[in-house]
Amino acid sequence: MFSSDDIIDKIFENVVKGPKLFKDKSVLFHDYIPPRLLFREEQISKLAHHLSSLMRRQRTSNLFIYGKPGTGKTAVTKYVISRLLDRAKGTNYIFNAIYVNCRLAGTEYRVIKLMADTIGLDLPFTGLSSEEALHRLIDKFRQQVNPILIVLDEVDALVARYGDNLLYALTRLNYDYHEIISMIIGISNDLRFKELLDPRVLSSLSEEEIVFKPYTAMELEQILWDRIELAFYPNVVEPAAVKLAAGISAAENGDARKALDLIRVAGEIAEMEGAGVVTVDHVRKARESIDRERVVEVIRTLPLHSKLIILSLYSILVNSPESRVRSSSLYNKYSTIVRHLGESPLSMRRFHGLVTELSMLGIFDRHISNLGRRGGRFSSIKFGLPISMVKKALEEDPIISDLLIQID
DNA sequence: TTTCCACCGGAAAATGAGGTCC
DNA sequence: GGACCTCATTTTCCGGTGGAAA
């Protein structure tokens with residue numbers, strides 16, 4: 001029987017004394033832009049062609065880029081812009097590029113603020129209306145000498161939540177002052193978001209489109225080998241392991257990021273085990289580990305009341321994980337637990353909202369049943385993942401783990 | 001065919017904590 | 001210092017849902 005200290009000592013020894021597999025792990029992370037982007041020559045040349053007009057200070061079409069996650073949209077856009085900016089240094093063809101990820105920015109105001117930050121305009125975090133912030137940004141735009149390129153990544157997230165007011169204002173500015181705002185690039189994972197756009201915005205933004213198709217398994221395999229050459233020492237990754245990682249990712253929308261994650265985590269597991277080679281088995285373990293870590297991470301970052309709802313379901317199902325619980329029973333249990341903590345439970349409506357969120361995250365599995373006039377319509381809930389995984393995630397919260405001890 | 005049950009969920013308003021502006 | 005702002009969270013209100021019973 002090994003103690004926890006023995007296990008840690010063994011992992012440490014493997015990492016320090018075991019064979020080194022990684023030459024440069026950073027090239028396997030999502031934000032790394034490689035020196036060449038395979039299978040995207042057509043998109044690179046189309047984008048570079050458009051941007052070259054901008055550098056000549058000619059009016060050029062706005063661009064709409066779409067494709068599934070992990071198909072290289074952001075990487076290609078950043079790659080082309082950075083290459084052209086490098087080339088333009090010291091010439092008269094310089095331009096300013098503003099890149100904002102709308103989903104990460106979160107709100108319309110923050111998108112405006114991030115654009116302002118890029119061109120040296122200081123806007124407060126809060127206190128101004130979005131309208132006022134936009135006015136100040138536009139004034140600053142007008143003072144710019146060089147043409148401006150605006151890239152709005154994951155623009156669908158902005159439009160779905162706040163409508164297309166900001167996009168309308170920017171396309172309007174692009175129309176009226178095209179010598180300043182020379183080009184807007186909208187990047188989206190979801191083509192359907194175009195239905196949400198005002199026809200004037202749509203016609204302006206979709207003047208030109210570039211489509212990124214998902215990578216095939218063969219393409220992903222070559223992409224992986226290209227990165228493995230930079231990331232690992234020679235001959236430490238088995239070809240079968242690469243084939244498996246590419247196959248798994250091709251089945252999941254041809255997502256290159258997933259493939260890179262699999263190979264990176266497989267390499268980390270191999271290093272921890274003190275293995276000299278990354279094998280198929282390490283890729284399988286990596287797949288499990290990524291799924292498990294994702295769940296633990298999601299639950300860890302949930303607000304307290306969401307965790308308390310999960311805990312309530314856990315306390316009911318701890319001895320019969322496959323049973324289902326009515327949402328009303330779950331609410332009663334949740335209320336009892338919250339009152340036990342000396343707090344007031346959330347309203348039923350809010351509770352329903354959180355249960356819906358947990359179902360969408362795959363933590364809960366909700367099923368609608370209908371027993372008719374006497375029984376009515378109701379949803380029954382169980383866990384969408386192994387109960388042991390849920391428990392592990394809950395144990396990371398100090399308040400919840402105390403309650404868990406009482407339940408167990 | 002209508003009624004009823006037990007929710008479900010959209011929309012709008014409220015709340016409170018952070019802030020700016022004049 | 002008061003008016004006004006953003007933003008995340010929550011509450012309140014209320015119409016919708018679908019299948020069995022009346």
Side-chain angles (χ1 to χ4, degrees), chain A residues 100-117 120-140 152 154-155 157-170 192-193 195-196 298-313 316 323-339 341-382 384 397 399-400:
Chain A
V100 179
N101 183 304
C102 301
R103 188 178 56 79
L104 294 181
T107 67
E108 187 179 64
Y109 184 87
R110 281 193 211 135
V111 171
I112 297 170
K113 172 154 173 59
L114 285 170
M115 286 197 279
D117 288 347
L121 169 65
D122 194 26
L123 289 178
F125 286 109
T126 177
L128 296 183
S129 66
S130 298
E131 214 167 313
E132 174 58 25
L134 185 60
H135 275 134
R136 292 185 191 188
L137 179 67
I138 289 171
D139 280 345
K140 186 74 178 177
L152 297 173
E154 301 200 58
V155 65
L158 175 74
V159 174
R161 224 172 135 191
Y162 294 92
D164 59 2
N165 291 342
L166 179 59
L167 273 182
Y168 179 71
L170 291 175
R192 288 169 306 170
F193 109 95
E195 295 164 12
L196 303 173
V298 167
I299 295 180
R300 198 178 62 79
T301 55
L302 286 172
L304 177 65
H305 283 268
S306 297
K307 287 182 189 169
L308 287 168
I309 294 172
I310 297 173
L311 177 76
S312 308
L313 187 63
I316 299 173
S323 309
R324 285 184 175 275
V325 179
R326 269 197 183 210
S327 60
S328 53
S329 310
L330 183 61
Y331 183 70
N332 290 339
K333 186 76 192 178
Y334 154 78
S335 301
T336 308
I337 289 177
V338 173
R339 289 202 187 94
L341 288 172
E343 302 257 341
S344 306
L346 297 173
S347 67
M348 179 78 104
R349 174 69 190 87
R350 183 65 190 135
F351 168 83
H352 280 307
L354 293 180
V355 168
T356 304
E357 267 176 36
L358 293 169
S359 306
M360 285 196 298
L361 288 168
I363 298 165
F364 282 2
D365 172 7
R366 195 165 53 160
H367 177 75
I368 306 285
S369 306
N370 199 326
L371 295 182
R373 192 169 174 170
R374 288 278 167 235
R377 197 165 182 252
F378 60 92
S379 57
S380 53
I381 302 159
K382 65 171 189 162
D397 185 295
I399 298 172
I400 305 287

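Atom set for the values below is all heavy atoms of this structure, side chains included, hydrogens, waters and symmetry mates excluded.
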Set of residues satisfying salt bridge (charged side-chain N to carboxylate O under 4.0 Å, His left out) with respect to A:Lys382, sequence neighbours excluded: A:Glu322

Check: A:His352/A:Tyr331 side-chain N/O donor and acceptor closer than 3.5 Å: no

A:Thr356 side-chain N/O to B:dG9 phosphate OP1/OP2 under 4.0 Å: yes

Short side-chain N/O contact from A:Arg326 to OP1 or OP2 of B:dC5, under 4.0 Å: no

Any A:Arg110 side-chain N or O less than 4.0 Å from OP1/OP2 of C:dA8: yes

B:dG9 phosphate, OP1 or OP2, under 4.0 Å from A:Arg366 side-chain N/O: yes

With A:Glu132 via salt bridge (charged side-chain N to carboxylate O under 4.0 Å, His left out) - residues at least two apart: A:Arg136

Out of B:dT20, B:dC7, C:dT11, whichever nucleotide has its closest atom nearest the side chain of A:Arg350: C:dT11

Phosphate OP1/OP2 of C:dC5 contacted by A:Ser129 side-chain N/O (<4.0 Å): no

Side chain A:Lys307, main chain A:Thr301, donor-acceptor under 3.5 Å: no

A:Phe378 side-chain proximity, nearest of B:dA6, C:dC7, C:dT11: B:dA6

Side-chain N,O (A:Ser347) to OP1/OP2 (C:dT10) below 4.0 Å: no

Nearest-angstrom distance from the residue atom CD1 of A:Ile368 to P of B:dA6: 15 Å

Check: B:dG10 base within 3.5 Å donor-acceptor of A:Arg349 side chain: yes

Nearest to side-chain heavy atoms of A:Arg377, which nucleotide of B:dC7, C:dT11, C:dG18: C:dG18

